[in-house]
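Side chains are part of it too, since the values below use all heavy atoms of this structure and drop only hydrogens, waters and symmetry mates.
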Amino acid sequence: MTAAVSVVVAGTALVTGLGGHGEEDRAVVANPPSPPTELAVFLCMSESPRCSGRITPEQTKELEGELRRLPQVERLTFVSQVTAFQDFRKTFAHNERFLDEVKLTDLPPSFRLRTRPGADLVRLNRSLLGMTGIENVVREDIFAPDTFTGADISAFLCQDHTAIPECGAKREISDNGDMMVTEEGKAATKSQRKAIRALIDALPEVESYVFEDQETAYENFRRSYQDNKRLLEATRVRDMPESFQITLKAGADESRVLAKLRRQPGMSQVVFRPCMADYATLSTRFGVIPTDHKACGTAN
């Protein structure tokens, strides 16, 4: 298990944390004044770039005092590993894989806090990430309510100038460890789009599907995140990938559909949305996700 600060969804990396390791300004927040916001403050469990080991009970008590003194904090609650694990077992009673893989020791203890109306979330985030014993800070409402509703599978087509290898992009690791794109990928061709549509038409597991162009995708995005002005200002129509939104028949085996779509040229990502919903909940509510990033079909 590993701490998670982002989840790939809808073809775009959406930040789930208010800052990752050393990236305190990666906040996706509404412009101040902001309404009351629920934050999960996950505590250190082991050695990491932000932590020097597992937080001790004494440090937890000291941290609680610091948090209660913050003027932006209206309410504060401590969630122990035992409490988190009990909540986890109830939340994922439908997901046998998670129940088998995730142990009590995988779930970090946390503080859940509610901000006061008008709190500056970026400043609060910097304050929190500067405190000893805090691994990550997550907005629990980072995903719009309808992020994972609707279709069962989202099959995203390649775009021009993408950095995704499945679309022909080439990447290298620089001397300082950064990922560099040496050759950009290309958009799906007309013949590739036609072949993908023909495949979907022929799949017996498919109940129905719709094609979502960039304009439609952008309007759906704006509707879902209408309260997040900062995110909307940073996103354009050209950022939206085109996709096939597929609904499966009841009881259909999604793995066969995912496997066939992933092999198609011109396909960027194929996402099984119910799976992504579980991963998003595990990340934003419980602070961890399994290291297998391909489990939901987010990578080809």
(message) Regarding D213 and T216, do their side chains bring together a donor and an acceptor under 3.5 Å, going by distance alone?
(response) yes
(message) Determine whether K229 and E233 satisfy the following criterion, salt bridge (Lys or Arg N to Asp or Glu O under 4.0 Å), listing intermediate values before the conclusion.
(response) CA-CA 6 Å; K229 294 181 180 179; E233 290 172 356; over 6 Å; no
(message) Within this structure, what is the OH-CD distance for the pair Y209 and Q245, rounded to the nearest 0.5 Å?
(response) 13.0 Å
(request) Please confirm whether the backbone N or O of L107 pairs with a side-chain atom of Q81, one donor and one acceptor, at under 3.5 Å? (result) yes
(message) If we ignore hydrogens and angles and just use 3.5 Å, is the side chain of Q269 paired with the main-chain N or O of E166 as donor and acceptor?
(response) no
(request) Go through L199 and L261 one step at a time and tell me if the side chain to side chain contact (heavy atoms under 4.5 Å, CB included) criterion holds. (result) CA-CA 8 Å; L199 170 63; L261 287 171; 3.9 Å; yes
(request) Could you tell me the separation between the CZ atom of R171 and the CD1 atom of I164, rounded to the nearest 0.5 Å? (result) 8.0 Å
(request) Anything under 30° is parallel, anything over 60° is perpendicular, the rest tilted; go ahead and classify F88 against F286. (result) perpendicular
Output a table of donor-acceptor pairs, distance under 3.5 Å, between side-chain atoms of residues 179-188 and any protein atom two or more places apart or on a different chain; print 'none' if there are none.
from : atom 1 : to   : atom 2 : distance (Å)
T182 : OG1    : K170 : O      : 3.1
E184 : OE1    : H161 : ND1    : 2.8

(message) If hydrophobic clusters are built by linking Ile, Leu, Val, Met, Phe, Trp and Tyr wherever their side-chain heavy atoms come under 4.5 Å apart, do V257 and V210 end up in the same one?
(response) no
(message) Hydrophobic clusters here meaning ILVMFWY residues chained together by side-chain heavy-atom distances under 4.5 Å, can you tell me if I134 and M45 are in one?
(response) no
(request) Verify, without hydrogens or angle tests, whether R285 (side chain) and E140 (backbone) share a donor-acceptor contact under 3.5 angstrom. (result) no
(message) Please check this pair: side chain of R116 against backbone of P71, looking for a donor-acceptor N/O pair closer than 3.5 Å.
(response) yes
(message) When you group the ILVMFWY residues by side-chain heavy-atom contacts below 4.5 Å and let the links chain together, are V79 and V73 in the same group?
(response) no
(message) Nearest 0.5 Å, please: how far is CZ in F221 from CG in L231?
(response) 4.0 Å
(message) Can a donor-acceptor pair be found, under 3.5 Å and without considering hydrogens, that links the side chain of Q214 to the backbone of M240?
(response) yes
(message) Run L232 and R222 through side chain to side chain contact (heavy atoms under 4.5 Å, CB included) and show every step you take.
(response) CA-CA 7 Å; L232 293 178; R222 286 186 60 84; 4.0 Å; yes
(message) Please report the interatomic distance CG(L129) to CG(N136), rounded to the nearest 0.5 Å.
(response) 7.0 Å
(message) Keeping D106 on the side-chain end and K103 on the backbone end, is there a donor-acceptor pair under 3.5 Å?
(response) yes
(message) Within this structure, what is the CG-SG distance for the pair D152 and C275, rounded to the nearest 0.5 Å?
(response) 12.5 Å
(message) Can you confirm whether L124 sits close enough to V137 that some side-chain heavy atom of one is under 4.5 Å from a side-chain heavy atom of the other?
(response) no
(request) Would you check if L121 and N125 make a side-chain contact, meaning some heavy-atom pair closer than 4.5 Å? (result) no
(request) Could you please spell out the steps behind the side chain to side chain contact (heavy atoms under 4.5 Å, CB included) verdict for Q159 and S268? (result) CA-CA 8 Å; Q159 298 173 274; S268 170; over 6 Å; no
(request) Answer yes or no: is there a side-chain heavy-atom contact under 4.5 Å between I55 and E135? (result) no
(request) Measure the shortest side-chain to side-chain distance between L63 and L43 over non-hydrogen atoms and say whether it is less than 4.5 angstrom. (result) yes
(request) Dump the intermediate steps for ring-ring contact (aromatic ring centres under 6.0 Å, His included) on Y279 and F272, then the final yes or no. (result) CA-CA 11 Å; Y279 269 61; F272 185 49; over 10 Å; no
(request) Check whether any side-chain N or O of T115 sits under 3.5 Å from a backbone N or O of T37 as a donor-acceptor pair, and report yes or no. (result) yes
(request) Check the hydrophobic clustering (I, L, V, M, F, W, Y; side-chain heavy atoms under 4.5 Å; chains of links allowed) and say if L157 and L258 are grouped together. (result) yes
(request) Taking D239 for its side chain and R236 for its backbone only, find out whether a donor-acceptor pair lies under 3.5 Å. (result) yes
(request) Show your reasoning for whether salt bridge (Lys or Arg N to Asp or Glu O under 4.0 Å) applies to R114 and E74. (result) CA-CA 6 Å; R114 179 182 176 87; E74 181 177 76; 3.2 Å; yes
(request) Let me see the working for L203 and R256 under side chain to side chain contact (heavy atoms under 4.5 Å, CB included), right down to the final yes or no. (result) CA-CA 9 Å; L203 289 171; R256 179 176 179 271; 3.8 Å; yes
(message) Ignoring hydrogens, what is the shortest heavy-atom contact between P117 and P36? Give both atom names and the distance.
(response) CG-CG, 3.7 Å
(message) Return the OG1 to CG distance between T91 and L282, rounded to the nearest 0.5 Å.
(response) 9.5 Å
(message) To check you understand the geometry: which heavy-atom pair defines the closest contact between E212 and N220, and what is its length?
(response) OE1-ND2, 2.8 Å
(message) With no hydrogens and no angle check, just 3.5 Å: does a side-chain donor-acceptor pair link R112 and S110?
(response) yes
(request) Return the minimal non-hydrogen interatomic distance between V138 and F42, and the atom names on each side. (result) CG2-CE1, 3.8 Å
(message) Quick one, Q72 and D120 - any side-chain contact, counting heavy atoms below 4.5 Å?
(response) no
(request) Flag the pair R68 and E64 as a salt bridge only when some basic side-chain nitrogen lies within less than 4.0 angstrom of an acidic carboxylate oxygen. (result) yes
(message) Holding to ring-ring contact (aromatic ring centres under 6.0 Å, His included), I want the full list of residues that pass it with Y218, two or more places apart in sequence or in another chain.
(response) none
(message) Give me the atom names and distance for the closest heavy-atom approach of F156 to S243.
(response) CD2-CB, 3.5 Å
(message) Using side-chain heavy atoms (C-beta onward) and a distance below 4.5 Å, is T247 in contact with S208?
(response) yes
(message) Quick check: do E207 and K249 have side-chain heavy atoms less than 4.5 Å from each other?
(response) yes
(request) Decide yes or no on salt bridge (Lys or Arg N to Asp or Glu O under 4.0 Å) for R75 and E38, but give the supporting numbers first. (result) CA-CA 9 Å; R75 186 180 67 217; E38 303 288 339; 3.2 Å; yes
